[in-house]
Amino acid sequence: MNTIVTLPAEILRLIGKLNEAGYEAYAVGGCVRDALLMRPTHDYDLTTDALPEEIHRVFQGEHIIDTGIKHGTVTVITGGTPVEITTYRTESAYHDHRHPDRVSFTRSLKEDCARRDFTINAMAYHPDAGIVDWFHGMNDLQAKVIRSVNDPKERFNEDALRILRAVRFAAQLGFRIEEKTAQAVLDMTQDLQYISAERIEAELQKLLLADSPASVLDPYRSLMEVILPQLKDDAAWDETMRRIDRSGRQYAARLAVLCANVTLTAADLQKLKVTNTVRDTVLAIRQYRDLPFETRSDLRKAMYLLDRAYPDYLVYRCAVDKYSDAERLEELSGDIGRDDVIRLAQLAVNGQDLLDLGYQGKEISDTLQKLLYLVMEDKVSNTKDALIGIIKKR
Ligand code: ATP
Ligand code: MG
């Protein structure tokens, strides 16, 4: 494992600016962990002893967003990316399993690290001081372990989302969950019900996009059943686990694979707070899941019917169909290109042509659709003469 943290110049600039103004400032949490693992980081967090209004003063004239200010977070947009700068804080007295009753600022970096969820997320870094690691996150990174900072039951009791985060990080990083932390996850799954659907969905997405989600979905099925109670009815769970691991890393496809053996309505997906696109994609996959899916003309029809949901549909079918040859289907899909007719707009006749022939209303769309199918099945060539010939024959 890497022991050097390389930060982008823009992040170093922000740290430097706070230091020049007399404040401590460190990169912290996920970005330090990811740098050590040499994984790409998508968001940088800085932690500082400067109070929010002091952070403001330091970055006066720069692009600042204040959305999190009551929790002590100021976001500075630098080089086009938002960087969250948060005042050192401790969180105390949680009563509803999700919000600290009050956020107290502190002057101690150690206290700020102690409020973080897992040891691998509790490290800070400064270019001069190096890595600050009170909770032995480095050891756990090396050993590939997710371990709660301090007593897991207490920490999960403060914020139940951590239960799901433990499982998500284990899947995402390919780590195991340390024994006591794992036991707390299993003992406290029900507490996840206190957490908002939005926060759960964000974690679920990261979990399902891991290399091998089954490695955690299987041992923590009970946790998944709090999120998606219908999974209790999956009588072929082992098969679902095999499918999900061989499925391409696409969220809607994997969600559809996960729920392939159980009922799942639009309302269920709405409740889960997935985006409308993901919801519609999952529903389309389910609607068309039994289409023939073998030949070039099958695939063309599927592309027509599924439209934007097709890429996820393909992933789903490759994972779920018992006898499918995924490689062949992917190749065939990629091969279907400009020369293939898969949309009504590509047809050599249009509504006006049918109107001219005396067709009306719904007849027109039905006939166009039939012609499209014949073309997709290679039963007629896509020329005006050929298509009008067919119409006239009828
Ligand atoms: P990701 O790669 O998904 O961004 P992350 O670890 O950076 O992972 P964030 O949600 O961006 O996760 O949070 C940044 C840091 O804030 C974490 O590394 C952790 O130190 C702390 N943190 C986030 N959520 C919690 C939580 N629920 N409880 C305690 N600490 C948290
Ligand atoms: Mg992050």
Side-chain angles (χ1 to χ4, degrees), residues 5 7-8 11 26-48 67-68 71-75 81-94 96-101 103-104 106 109-125 131-138 140-141 145-175 181 184-185 188 191-192 194-196 198-211 216 251:
V5 175
L7 296 176
I11 303 298
Y26 294 81
V28 71
C31 64
V32 176
R33 175 201 69 220
D34 288 341
L36 291 168
L37 290 173
M38 289 188 282
R39 293 175 86 241
T41 294
H42 52 89
D43 54 357
Y44 285 88
D45 296 303
L46 300 187
T47 188
T48 175
T67 39
H71 300 291
T73 299
V74 174
T75 302
T81 41
V83 179
E84 288 200 349
I85 306 178
T86 305
T87 308
Y88 294 164
R89 63 179 206 218
T90 57
E91 291 165 2
S92 44
Y94 294 68
D96 60 359
H97 309 278
R98 55 184 167 171
H99 291 300
D101 294 345
V103 171
S104 341
T106 160
L109 174 62
K110 184 174 183 180
E111 281 181 359
D112 183 74
C113 289
R115 66 147 175 113
R116 294 174 184 274
D117 46 7
F118 305 108
T119 59
I120 60 166
N121 290 345
M123 289 180 276
Y125 173 82
I131 295 164
V132 180
D133 181 17
W134 277 292
F135 301 96
H136 314 295
M138 277 289 250
D140 286 337
L141 266 191
V145 169
I146 306 296
R147 184 194 312 271
S148 175
V149 172
N150 297 323
D151 181 58
K153 289 205 167 155
E154 243 168 68
R155 303 309 311 284
F156 293 172
N157 205 23
E158 290 167 0
D159 178 358
L161 187 70
R162 292 169 188 158
I163 297 165
L164 180 56
R165 280 174 63 90
V167 171
R168 181 266 278 196
F169 283 118
Q172 212 176 25
L173 303 175
F175 284 20
T181 307
V185 168
M188 297 174 73
D191 285 0
L192 208 59
Y194 301 115
I195 301 302
S196 76
E198 286 83 356
R199 291 178 81 200
I200 290 178
E201 197 270 337
E203 294 296 326
L204 177 67
Q205 179 164 357
K206 289 176 181 169
L207 193 168
L208 285 185
L209 289 176
D211 272 339
V216 300
Y251 182 41

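The structure displayed is predicted, hence computed values, not measured ones. In each ligand, atom 1 is the first atom listed, and ligand 1 is the first ligand listed.
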Asp43 near the Mg ion (ligand 2) via N/O/S, less than 2.8 Å: yes
Single hit among Val32, Leu173, Ile120 for side chain to side chain contact (heavy atoms under 4.5 Å, CB included) with Leu37: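 Single side chain to side chain contact (heavy atoms under 4.5 Å, CB included) partner of Leu37 among Val32, Leu173, Ile120: Leu173.
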Ligand-protein N/O pairs under 3.5 Å (ligand 1):
from: ligand 1; atom 1: 2 (O); to: Arg33; atom 2: NH2; distance (Å): 3.1
from: ligand 1; atom 1: 2 (O); to: His42; atom 2: NE2; distance (Å): 3.3
from: ligand 1; atom 1: 3 (O); to: Arg168; atom 2: NH1; distance (Å): 2.9
from: ligand 1; atom 1: 3 (O); to: Arg168; atom 2: NH2; distance (Å): 3.1
from: ligand 1; atom 1: 3 (O); to: Lys206; atom 2: NZ; distance (Å): 2.7
from: ligand 1; atom 1: 4 (O); to: His42; atom 2: NE2; distance (Å): 3.3
from: ligand 1; atom 1: 4 (O); to: Asp43; atom 2: OD1; distance (Å): 3.4
from: ligand 1; atom 1: 6 (O); to: Arg33; atom 2: NH1; distance (Å): 2.7
from: ligand 1; atom 1: 8 (O); to: Arg33; atom 2: NH2; distance (Å): 3.4
from: ligand 1; atom 1: 10 (O); to: Arg165; atom 2: NH1; distance (Å): 3.2
from: ligand 1; atom 1: 11 (O); to: Asp43; atom 2: OD2; distance (Å): 3.4
from: ligand 1; atom 1: 12 (O); to: Arg165; atom 2: NH2; distance (Å): 3.3
from: ligand 1; atom 1: 16 (O); to: Arg116; atom 2: NH1; distance (Å): 3.4
from: ligand 1; atom 1: 18 (O); to: Gly30; atom 2: N; distance (Å): 3.0
from: ligand 1; atom 1: 20 (O); to: Arg116; atom 2: NH1; distance (Å): 3.1
from: ligand 1; atom 1: 20 (O); to: Asn121; atom 2: O; distance (Å): 2.8
from: ligand 1; atom 1: 24 (N); to: Arg165; atom 2: NH2; distance (Å): 3.4
from: ligand 1; atom 1: 27 (N); to: Asp159; atom 2: OD2; distance (Å): 2.9
from: ligand 1; atom 1: 28 (N); to: Arg162; atom 2: NE; distance (Å): 2.7
from: ligand 1; atom 1: 28 (N); to: Arg162; atom 2: NH2; distance (Å): 3.2
from: ligand 1; atom 1: 30 (N); to: Asp117; atom 2: N; distance (Å): 3.2

Interatomic distance, Leu46 atom CG to Tyr26 atom OH [nearest 0.5 angstrom]: 12.5 Å
Modelled atom types, side-chain donor and acceptor of Thr73 and Thr86, under 3.5 Å: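 Their side chains do contain a donor-acceptor pair, which is all the 3.5 Å distance test asks for.
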Sidechain-backbone polar pair: Asp133 side chain, Met138 backbone, donor-acceptor under 3.5 Å: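 Answer holds: yes.
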Worked verdict on Arg116 versus Asp45 for salt bridge (charged side-chain N to carboxylate O under 4.0 Å, His left out): CA-CA 13 Å; Arg116 294 174 184 274; Asp45 296 303; 5.9 Å; no
Sequence neighbours excluded, every pair satisfying ring-ring contact (aromatic ring centres under 6.0 Å, His included) that has a member inside residues 149-175: none
